[in-house]
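In what follows, a structure is listed as structure tokens, so that the remarks can point back to it.
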Amino acid sequence: MSCEIDIRGLTKRFGANTVLDGIDLCLQPGERVAIIGPSGTGKSTLLRCLNFLDRPDAGVLKLGDLTVDAAKASRAQILALRRRTAFVFQNYGLFANKTARQNLTEGLTVVRGWSAARAEARADEILAQIGLADRGDSYPASLSGGQQQRVGIGRAMALDADLMLLDEPTSALDPEWVGEVLDLIRRIADGRQTMLIVTHEMQFAREIADRIVFMEGGRIVEEGPPAQIFGDPRDARTRAFLRRVG
Amino acid sequence: MRPLDLGYMAELAPVIAGYVPLTLMMAVIAMIAALVLAALLAIVRVLRVPVLDRLVAVFISFFRGTPLLVQLFLFYFGLPQVVPPMTGIDGVTAAIIGLTLHFSAYMAESIRGAILGVDRSQWEAAQSIGMTQGQLLRRIVLPQATRTAAPTLMNYFIDMIKSTSLAFTLGVTEMMGAAQKEAAGSFMYLEAFLVVALIYWAIVETLSVGQRRLEARLGRAVAR
């Protein structure tokens with residue numbers, strides 16, 4: 001089994017505290033993996049380390065033909081890695097001084113060197129897909145939470161990344177906006193975008209993921225298809241967690 | 001007590017107002033230089049650039065911790081004694097340099113505060129799409145920080161205009177110097193310095209109106 005995306009021995013410490021303790025994970029092209037587990041077990045840190053928003057202390061990351069040794073990653077390698085991944089933040093992270101459309105084009109023109117016209121055409125396509133065709137000129141401050149997160153996801157879609165990382169994309173939303181955001185993610189997942197999603201929405205994870213990864217204490221405790229993890233969890237810790245979250 | 005000699009004041013006003021361009025020239029040049037310097041100092045502090053960060057902290061501490069008048073005397077009278085290229089520096093240049101360094105220290109701190117006020121998640125989002133440090137500062141962070149810092153920076157500019165009067169102590173004939181000379185002949189010190197005060201007041205009031213308009217415009221850019 002070859003891995004399109006291969007994570008080996010990923011380790012992250014904050015001071016004396018080991019948050020990620022040698023994570024190994026392999027993703028096939030188009031595979032959708034959901035990470036679940038108790039709070040503070042390193043799920044978000046794992047995503048952030050894959051994008052070097054947090055710098056891992058050790059481990060090797062392989063994305064297609066790009067291999068990065070975390071311990072001695074150069075600035076160029078980090079940029080290359082970031083240009084192949086896209087990140088969706090819990091609290092959106094929209095650029096407040098840019099319109100919705102500019103939030104989508106920014107990465108294309110500034111980072112990828114696309115022409116403004118080409119980037120705007122792409123942005124308008126995506127605005128239509130995320131149901132905000134008429135809000136392209138709006139600044140984030142004038143959008144609802146659900147609309148802002150859809151722009152956040154749209155920005156990640158625009159990059160056409162090898163791997164999309166979604167860090168609890170609905171956790172900061174008012175309940176009324178959760179549905180529309182989950183619907184959008186579901187559609188992206190249906191398009192077989194390779195994705196790694198940290199979520200507390202168990203039903204949703206079960207529905208969209210090809211594989212569930214259960215983490216606790218900075219390690220992967222158990223992984224497998226949703227039916228097995230939710231229906232027949234092998235590890236006592238997985239069973240305890242699933243009982244707690246109902 | 002004698003009455004104010006309004007006729008004398010009316011005569012004097014155009015003479016002293018003739019020095020307004022010199023005042024504005026010193027203030028504008030020093031302001032532009034101070035803005036550029038302050039932005040660089042603020043960036044060094046925010047990014048915690050090794051070594052430079054410590055030096056900048058000392059620079060800011062010194063220029064905020066000592067009186068502007070003392071700094072101006074250091075540049076004009078003190079340094080030329082030990083730094084040969086500074087010999088013969090003229091008062092206007094010394095005043096511009098002094099004002100630039102002094103105000104850049106204050107402005108750096110308010111720009112730094114404004115930069116740190118830009119939500120951390122926007123930095124991370126910019127990094128996550130592969131922007132370099134320079135791109136994210138230029139395109140995302142600084143435009144927002146400028147907006148936040150604008151009112152404070154405008155206040156420093158107003159303060160700077162008034163502080164150019166200290167150039168008088170370096171032998172520059174600006175508004176204060178001219179008033180002093182006129183009054184020395186007429187002995188009407190009250191009228192002379194009142195004219196100076198009124199002219200400064202008028203300049204500052206005019207700028208305050210401009211400031212309110214500018215803020216309204218900057219606010220609109222992110223309005224709903």
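These numbers come from the heavy atoms of this one structure, side chains and all, not from hydrogens, waters or symmetry mates. Being a predicted model, the structure only gives us computed values, none of them experimental. In the text below, chain A, chain B and the rest are named by the order of the sequence lines, each starting its count at 1.
Using modelled atom types, one side-chain atom of B:Gln122 and one backbone atom of A:Ala96 make a donor-acceptor pair closer than 3.5 Å.
Atom CD of residue B:Glu124 and atom CG of residue A:Asn91 lie 8.5 Å apart, to the nearest 0.5 angstrom. In this structure, CG in A:Leu94 is found 10.5 Å from CD1 in B:Ile140, a value given to the nearest 0.5 Å.
Of the two parts of A:Arg112, neither the backbone nor the side chain holds a non-hydrogen atom closer than 4.5 Å to a non-hydrogen atom of chain B. Of the atoms belonging to A:Phe89, it is side-chain heavy atoms, and not backbone ones, that fall under 4.5 Å from chain B. Using a 4.5 Å cut-off between heavy atoms, A:Arg48 contacts chain B through its side chain alone, with no backbone atom that close. Residue A:Leu165 does not touch chain B at all, counting heavy-atom pairs closer than 4.5 Å.
Environment of CZ in B:Arg54: sparse, with no more than 12 heavy atoms of neighbouring residues, nucleotides or ligands closer than 6.0 Å. The number of heavy atoms from other shown groups lying within 6.0 Å of CD (A:Glu176) is above 12.
Per-residue heavy-atom pair counts under 4.5 Å with chain B were compared for A:Thr85, A:Thr99, A:Val88, A:Val111, and the maximum is reached by A:Val111. Interface summary for chain B: among A:Leu159, A:Leu79, A:Val110, the most heavy-atom pairs under 4.5 angstrom belong to A:Val110. Per-residue counts of heavy-atom pairs under 4.5 Å with chain B were compared for A:Glu106, A:Lys98, A:Arg83; the largest is that of A:Glu106. Of all the listed residues (B:Asp119, B:Ile129, B:Val118), the one sharing the greatest number of non-hydrogen pairs under 4.5 Å with chain A is B:Ile129.
Residues A:Asn51 and B:Ser128 come closest through the heavy atom pair OD1-CA, 3.4 Å. Nearest heavy atoms, B:Ser121 versus A:Gly93: OG-CA, 3.3 Å. The two residues A:Arg155 and B:Ala125 make their nearest non-hydrogen contact at NH2-CB, 3.3 Å.
Taking the side chain as every heavy atom from C-beta outward, B:Arg139 and A:Asn97 never approach each other to under 4.5 Å.
Contact residues of residues 152-165 of chain B toward chain A are absent (heavy-atom distance under 4.5 Å).
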